Amino acid sequence: MSLKALIFDVDGTLADTEEAHRCAFNESFAAHGLDWNWSKPLYAELLLTTGGKERMAAYVETLDLPAARHAELLAQIPALHAAKTQRYMQIVQAGGIPLRDGVERLLHEARTSGVALGIATTTSLQNIVALLHTTLGPDALGWFQAVSAGDDVPRKKPAPDVYLDALRKLGCSPCDCVALEDSANGLRAAKAAGLFTIVTPSYWTSGEDFSAADLLLPSLGARPLAHRPAMLDGGTELHIGDIADKLSKARMCA
Ligand code: XBP
Ligand code: MG
């Protein structure tokens, strides 16, 4: 199999985690005496900025406040984000955030066919560990030969840095690997790193532009979308063999 590794995004791809992030943000705002409340429609807009700290800074910029108050709030962001991360991990560890359809099966197929696994995410290592441990067990982090998180690299998605970091850790060339993403920012990052990219949009990203995706599916355990060229041939589930096949066909076309 010419496919050497699958590199997974986390939020929205491994699991639909953004609602838990949104709740954790709102709870940490309240705990810090801030009257901010990110509704779902507002959060969908704010998600266009990757990174929780960067997202809060982008939000503060929208507030009509004196410059001194702006500076005060920006200075509070590291503490707000640390509190949000603690709350997010509690929500995840309480269970209730399952992996998305087909993810666990594909991870097992990769592991049993010698295809390496990587993670390239904007969120933090502790959030990755909380999700993997809760959904797959305490050994699951060890299944991944490379884990690259947002604060490991200078620039967050849509910059390719976190994918380039994962490729470096895997010791693989981009043309031997496939990225799995849910957002337009993530797709841009993976493509900029030279990766064949499969996109499974999430609740928060379904309206984004995925025209650059190499394969677009509702999920990895997919029901076919109506007549799109990137459909699976007759199957409803994306298997490791399908991915290897599509990668080698794409490489032949390149
Ligand atoms: C999506 C993000 C993250 C999360 C929040 O990450 O943009 O910022 O929304 O996590 P991914 P943090 O690349 O996995 O889709 O608050 O830890 O940044
Ligand atoms: Mg994502």
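All ligand and atom numbering here is 1-based and tracks the order in the structure. Nothing here was measured: the structure is a model prediction, and the numbers come from that model.
Between F8 and F144, the ring-plane angle classifies as perpendicular under the 30° and 60° cut-offs.
Salt bridge D182/R100: absent, no basic N to carboxylate O contact under 4.0 Å. A salt bridge between E181 and K157 is present, with a side-chain N of the basic residue lying under 4.0 Å from a carboxylate O of the acidic one. Remark: E109 engages R105 in a salt bridge, criterion side-chain N to carboxylate O under 4.0 Å. Using a 4.0 Å cut-off between charged nitrogen and carboxylate oxygen, K246 and D242 do not count as a salt-bridge pair.
Checked against the 6.0 Å centroid threshold, F25 and W36 do not count as a close aromatic pair. The six-membered or imidazole ring of W204 lies away from that of H21, with a centre-to-centre distance of 6.0 Å or more.
Residue T50 touches ligand 1 through backbone and side chain together, judged by heavy-atom distances below 4.0 Å. Contacts of K53 with ligand 1, taken as heavy-atom pairs under 4.0 Å, are absent altogether. Proximity of H81 to ligand 1, defined as any heavy-atom pair under 4.0 Å, is confined to the side chain (atoms from C-beta onward). At a heavy-atom cutoff of 4.0 Å, ligand 1 is contacted by the side chain of K157 but not by its backbone.
The atoms of ligand 1 that sit less than 4.0 Å from any heavy atom of G51 are 7 (O), 8 (O), 18 (O). Per-residue contacts place V10 under 4.0 angstrom from the following atoms of ligand 1 (heavy atoms of the residue considered): 14 (O). With ligand atoms numbered from 1 in the order given, ligand 1 contributes 10 (O), 12 (P), 17 (O) to contacts under 4.0 Å with heavy atoms of T123. Residue N127 approaches ligand 1 through these ligand atoms, each under 4.0 Å from one of its heavy atoms: 17 (O).
When only interatomic distances are considered, the shortest N/O to N/O separation between G52 and ligand 1 falls below 3.5 Å. Among the atoms of T121, some N or O lies under 3.5 angstrom from an N or O of ligand 1. Note: an N/O pair closer than 3.5 Å links D11 and ligand 1 by distance alone.
In this structure, G12 has no heavy atom closer than 4.0 Å to ligand 1. At a 4.0 Å cut-off, at least one heavy atom of K84 sits close enough to ligand 1 to count as contact.
The nearest N, O or S atom of D11 is closer to the Mg ion (ligand 2) than 2.8 Å.
For D182, the N, O or S atom closest to the Mg ion (ligand 2) goes by the atom name OD1. Its N, O or S atom nearest to the Mg ion (ligand 2) is what matters here, and for D9 that atom is OD2.
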Derivation of the side-chain contact (heavy atoms from CB on, under 4.5 Å) call for L217 and L215: CA-CA 7 Å; L217 299 166; L215 190 57; 4.0 Å; yes

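L106 pairs in a side-chain contact (heavy atoms from CB on, under 4.5 Å) with only one of the listed residues (L180, I198, L99), which is L180.
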